Number of protein chains: 2
Amino acid sequence: MQISSRFTIAIHIITCIETFKDEYKTTSDFLAASVNVNPVIIRRILQQLKKAGIVETKRGSGGAYAAKPLDEITFYDIYKAVDCVENDLFHFHENPNTNCPVGRNIHFVLDNRLHDVQNAMENKLKEMKLSDVVNDTLKLIGKEAQ
Amino acid sequence: MQISSRFTIAIHIITCIETFKDEYKTTSDFLAASVNVNPVIIRRILQQLKKAGIVETKRGSGGAYAAKPLDEITFYDIYKAVDCVENDLFHFHENPNTNCPVGRNIHFVLDNRLHDVQNAMENKLKEMKLSDVVNDTLKLIGKEAQ
DNA sequence: TATTTTGTAACACTCATTGTTACAACGAGA
DNA sequence: TCTCGTTGTAACAATGAGTGTTACAAAATA
């Protein structure tokens with residue numbers, strides 16, 4: 001089990017948009033070339049980011065743009081936008097036997113604990129901002145030029 | 001995407017084993033009845049737990065038993081044993097374009113952050129002990145009897 | 001030896017992920 | 001207005017993981 005690559009692709013996309021916004025038109029074809037996947041994959045992810053208010057896209061003239069400052073976009077926003085995990089991170093077996101004392105109590109005992117684990121992860125995602133990723137990327141690109 | 005139900009089933013299994021160890025022979029059929037799945041599912045998970053040194057099983061006479069004190073078994077041990085996540089929680093897109101400045105630097109920028117998120121989750125799993133789950137379950141069963 | 005149970009192979013079904021082609025809808029410039 | 005580049009999206013295919021089932025040999029005990 002792994003969290004869909006939509007998540008890392010989405011971060012890659014936004015990093016590209018921000019890095020190249022003044023040099024190139026950031027179309028789905030341009031972004032697809034950097035990520036190295038089919039442009040339709042990019043467009044689908046852009047649609048999800050758009051619905052979440054994270055990016056804007058333009059028909060006709062083309063291109064994608066950040067819809068708000070990158071220090072207001074966290075990994076959690078992206079993770080939610082691209083729908084990596086519906087609601088529950090842990091898949092609970094569907095029908096524990098309620099005739100068994102353990103079977104009819106297992107949910108009461110586990111649910112809170114599983115949510116605590118999921119929250120630990122999601123809270124970490126909330127700490128991370130897209131602006132930090134872009135800044136680090138620009139630094140690395142800058143070093144390359146030396 | 002969700003973490004396999006093998007994880008919650010494994011916890012359910014061990015809770016059952018401990019709760020009923022003096023009353024019943026905890027065979028795969030018995031455990032399957034409580035979890036409400038096919039006995040082969042139970043046996044496969046028991047095999048994984050056995051390889052991790054968490055439970056023991058007996059052929060012929062039958063039954064499964066905890067291989068060590070439950071306060072020495074954490075959720076993390078189980079999560080590793082039943083192989084919910086191979087190594088990386090996040091699926092990174094395979095071949096970012098190294099001709100693109102962002103494509104060739106994205107791994108350097110993201111890898112540490114993704115590991116931090118994964119560690120946040122796994123550290124929480126390490127905090128949780130099977131003994132706590134069993135104790136809570138026994139309390140709830142006790143309340144039912146009143 | 002007979003019986004019970006485990007261990008495991010061999011399938012099959014479903015579903016999410018990822019990838020592809022195709023094309024209508026749209027916007028801007030000639 | 002027409003053309004052209006681009007987005008938005010449907011439709012489909014391939015793959016792989018998760019889950020479930022039947023079947024049966026191997027082992028342990030009475």
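What you see is a predicted model; the values in this text were computed from it and never measured. The analysis underlying the following values was restricted to heavy atoms, covering all of them including side chains, and did not include hydrogens, waters or symmetry mates. Quick note on labels: first sequence line is chain A, next is B, and so on, each numbered from 1.
I42(B) has its CD1 atom 13 Å from the P atom of dG7(C), to the nearest Å.
The residue R6(A) sits close only to the backbone: its heavy atoms come under 4.0 Å of sugar-phosphate atoms, none of a base.
Counting distance only, with no hydrogens placed and no angle test, the side-chain atoms of R44(B) and the base atoms of dG20(D) include a donor-acceptor pair under 3.5 Å.
Contact between the side-chain N/O atoms of K25(A) and the OP1/OP2 oxygens of dT6(D) is found at a separation under 4.0 Å. Between S4(A) and the phosphate of dT18(C), there is a side-chain N or O to OP1/OP2 separation shorter than 4.0 Å. In terms of phosphate contacts, S28(A) brings a side-chain nitrogen or oxygen within less than 4.0 Å of OP1 or OP2 of dT7(D). Taking only side-chain nitrogens and oxygens, S5(A) comes nearer than 4.0 Å to OP1 or OP2 of dT18(C).
Looking at residues 77-91 of chain A, you'll see H91(A) sit with a heavy atom under 4.0 Å from some atom of DNA chain D. Of the residues in residues 47-55 of chain B, Q47(B), K50(B) come within less than 4.0 Å of DNA chain C through at least one heavy atom, sorted by number.
Look at D136(B) and R113(A) and you find a salt bridge, because one of the NZ, NE, NH1 or NH2 atoms lies within 4.0 Å of a carboxylate O, short of that distance. A salt bridge is absent between E72(A) and K129(A); no separation between the charged side-chain nitrogens and carboxylate oxygens falls under 4.0 Å.
Closest approach to the T27(A) side chain among dT19(D), dT6(D), dG19(C) is made by dT6(D) (side chain taken as heavy atoms from C-beta onward).
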Can you check each nucleotide of nucleotides 22-30 of chain C against protein heavy atoms at under 4.0 Å and return B for base, S for sugar-phosphate only, - for none, in 5' to 3' order? B--BBBS--
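Checked against a 6.0 Å centroid threshold, the rings of Y79(B) and F75(B) do not count as neighbours.
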